[in-house]
Amino acid sequence: MSKKWRLTDRTRTLLTLELAIALPAAALMGFSIWNLKHIQRDKAIEAAIQRDFSYVLKIAEKESWERANDLVTPVRKGFPDLDDGPKTKAILEHILLQHPEYSYAALYDKKTNLLISRTQPSHDQDAAYCAYAQEDINMLLSWLPLESPSMVKHLRRMEEKGEQPVAFYGGWMPRENQTTYWHIAYFIPPGVPKDRVAVGVVAFDEDYMRKNFLPAVMKDVLTGKSSVLKADANPPIMMIHPLRDSNPWLASAKWDGGKPEAERIFADVFPSMVLAIKYQGTTVADIGARFLHYNYTILAALSVLMIGGVWLTYRNVYREMTLARLKSDFVANVSHELRTPLALIRLYAETLELGRLTSKEKYQEYFRIIREESERLTSLINNILDFSRIEAGRKEYEFQETDLGELVHSTLESYRFQIQQNGFAFEENISPDIPPVKVDREAIARSLLNLVNNALKYSKDRKFIGVSLYRSNSSINLEVRDSGIGIPANEQEKIFDKFYRCGDPLVHNVKGSGLGLSLVRHIARAHGGDVLVESEPEKGSKFTIALPFATAPQTGSATA
Ligand code: ADP
């Protein structure tokens with residue numbers, strides 16, 4: 001018969017340790033290493049993104065400065081001279097007509113403290129426009145007398161360095177419930193002698209700045225050749241906001257809100273204006289948060305696995321410990337059980353040897369005792385041998401077609417005398433319609449004897465044993481009933497475990513090894529059936545071995 005691979009307690013413990021602890025631990029370690037690498041990589045990506053974005057913003061600032069400078073330079077070159085006198089205003093008007101991007105132009109002479117100005121002539125009909133422009137000019141006149149010397153000094157220094165003497169200034173101003181940006185370029189008109197403090201001013205039209213100038217800069221930076229982000233699949237987007245207000249004042253196409261990745265203050269061209277940039281849709285922080293969430297999930301799953309592993313190991317260790325305790329109980333029980341019949345046999349044999357017995361009946365009785373005790377010994381040794389074979393996976397069954405009724409009857413017959421001698425009422429019911437089945441005769445007989453023997457052992461005053469063999473719908477049932485001490489419900493499953501003996505004190509006064517029922521179960525299962533118990537403490541028990549009709553043996557070495 002083929003041998004079946006079986007799990008011993010040791011392999012089970014090792015497997016549990018490996019599967020439930022070592023594997024998750026290894027997975028956790030692997031995951032942590034992978035994670036660290038990922039974090040490193042993510043940090044590098046984040047740093048690269050930050051670096052790229054900062055670079056883009058720097059380019060944007062430079063480009064807007066160049067554009068503004070390019071706009072102002074020709075205007076500066078055609079600006080009126082201090083000597084132009086009454087013609088000054090006409091020249092300013094001429095310039096403004098040619099350059100609708102300015103809202104006004106002005107020439108200030110510190111010496112005379114005179115500010116000659118002209119608002120954009122193309123807007124002369126727009127009273128509100130003219131009023132705002134005039135308001136700005138008045139503001140200019142309020143601070144130019146004080147500021148113009150340092151402005152000129154700064155411009156002269158630029159000139160000395162070979163740069164265009166043009167500078168910019170601007171700021172935010174609330175106007176009709178909205179924030180507007182005023183922005184001027186100031187310079188030294190070409191003909192002004194070095195020792196004179198005079199400043200030319202042109203103010204950029206806000207509409208032009210907002211609708212043309214700044215959008216063009218943003219578009220250029222985001223899509224132009226200079227952009228380092230050009231190849232990226234997720235397009236970057238930009239917006240401009242006041243220094244003290246993070247809400248967008250102007251945004252590039254597709255701006256979708258959210259926190260920008262990088263910002264830069266336009267210090268030189270547009271004071272107090274902040275340029276911000278980010279990726280469309282998601283931010284790096286969002287990606288990080290998602291990554292973190294994902295990591296937490298994996299960690300939680302691995303932790304659950306580990307906890308499961310610890311629990312399983314605990315259970316296994318606990319089981320091993322219980323088994324070790326049961327085994328030591330078993331050794332004590334078995335030695336005791338072996339010793340008692342041997343001592344009796346020896347005692348009676350010695351008495352017989354002395355030949356002092358007078359009556360024939362006495363001889364008979366002594367022979368009977370010796371036979372019974374040696375039978376008890378044989379059955380105990382058989383149980384132990386069977387058990388050790390099962391444990392080693394070597395137990396084999398020999399199935400042969402059997403008349404179960406005859407087998408049960410003859411097995412009980414050899415026991416009947418002992419049963420009755422112990423004062424038990426005995427009832428045997430063998431149904432005549434039992435079909436022949438393939439069983440291992442010896443194993444079935446041993447199971448029956450174990451059950452009957454238990455009924456004998458675990459009964460106190462009500463001495464009754466009933467054995468029935470009958471056919472049910474799906475099986476042939478071999479039933480052993482008693483009116484003994486019964487088994488508490490919580491122990492009814494455990495009694496089939498090897499070495500298990502109930503906690504009842506009476507049980508411990510009775511000899512036993514805790515092997516009988518585990519063997520019965522092993523045998524029943526090897527026949528494709530099972531053994532069931534119904535019992536109530538103080539009322540009695542009923543054990544039923546249920547065997548399927550066409551007993552198809554599972555295997556010769558099924559596990560108990
Ligand atoms: P043993 O009888 O050698 O202790 P078994 O495996 O045959 O071992 O039985 C296990 C335990 O089940 C017994 O110790 C006893 O506590 C309980 N038991 C078995 N049969 C009966 C029964 N008929 N009535 C009450 N308790 C029983």
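Remember, it's 1-based here, ligands and their atoms both numbered in the order they're listed.
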Protein contact to atom 3 (O) of ligand 1 [nearest heavy atom, distance to 0.1 Å]:
S513 N, 2.7 Å
Looking at ligand 1, does G486 have a heavy atom less than 4.0 Å from it?
yes
List the steps, then state whether side chain to side chain contact (heavy atoms under 4.5 Å, CB included) holds for L448 with V520.
CA-CA 8 Å; L448 177 59; V520 172; over 6 Å; no
The closest protein heavy-atom partner of atom 4 (O) of ligand 1 is R501 NE, 2.5 Å
Is K395 positioned over the aromatic face of Y397, cation under 6.0 angstrom from the ring centre and no more than 45 degrees off axis?
yes
Please work out which of Y500, Y458, F496 has its closest non-hydrogen atom nearest to atom 24 (N) of ligand 1.
Y458
Steps toward side chain to side chain contact (heavy atoms under 4.5 Å, CB included) verdict (T544, L478)
CA-CA 6 Å; T544 312; L478 176 55; over 6 Å; no
Less than 4.5 Å apart, any side-chain heavy atom of Y363 and any of T351?
no
Considering only NZ, NE, NH1 and NH2 on the basic side and carboxylate oxygens on the acidic side, decide whether E491 and K494 come within less than 4.0 Å.
no
Proximity winner for atom 8 (O) of ligand 1, if only heavy atoms of P488, G514, S518 are counted
G514
Just so I know, are the side chains of V56 and M238 near enough to count as touching, which here means a heavy-atom distance under 4.5 Å?
yes
Do the ring planes of F499 and F387 sit parallel (below 30°), tilted (30 to 60°) or perpendicular (above 60°)?
perpendicular
Quick one: which ligand 1 atoms are inside 4.0 Å of a heavy atom on L515?
6 (O), 8 (O)
What is the nearest protein non-hydrogen atom to atom 7 (O) of ligand 1, stated with its residue, atom name and distance?
N454 ND2, 2.8 Å
Over all atoms of both residues, closest heavy-atom pair of T402 and Q400:
OG1-O, 2.6 Å
Distance filter under 4.0 Å to G516 heavy atoms, resulting ligand 1 atoms:
5 (P), 6 (O), 7 (O)
Quick look: K457 vs ligand 1, heavy-atom contacts under 4.0 Å, and the answer is side chain
Ring centres under 6.0 angstrom apart (Y415, F426)
no
So, is L517 polar-close to ligand 1, with some N/O to N/O distance under 3.5 Å?
yes
Tell me which protein heavy atom sits closest to atom 12 (O) of ligand 1, plus the residue, atom name and distance to 0.1 Å.
I495 CG2, 3.3 Å
Output yes when the distance from some N or O of ligand 1 to some N or O of I487 is under 3.5 Å, and no in every other case.
no
Atom 23 (N) of ligand 1: the protein heavy-atom neighbour that sits closest, reported with distance to 0.1 Å:
D482 OD2, 2.8 Å
Side chain, backbone, both or neither: which applies to C502 and ligand 1 if a contact is any heavy-atom pair less than 4.0 Å apart?
both
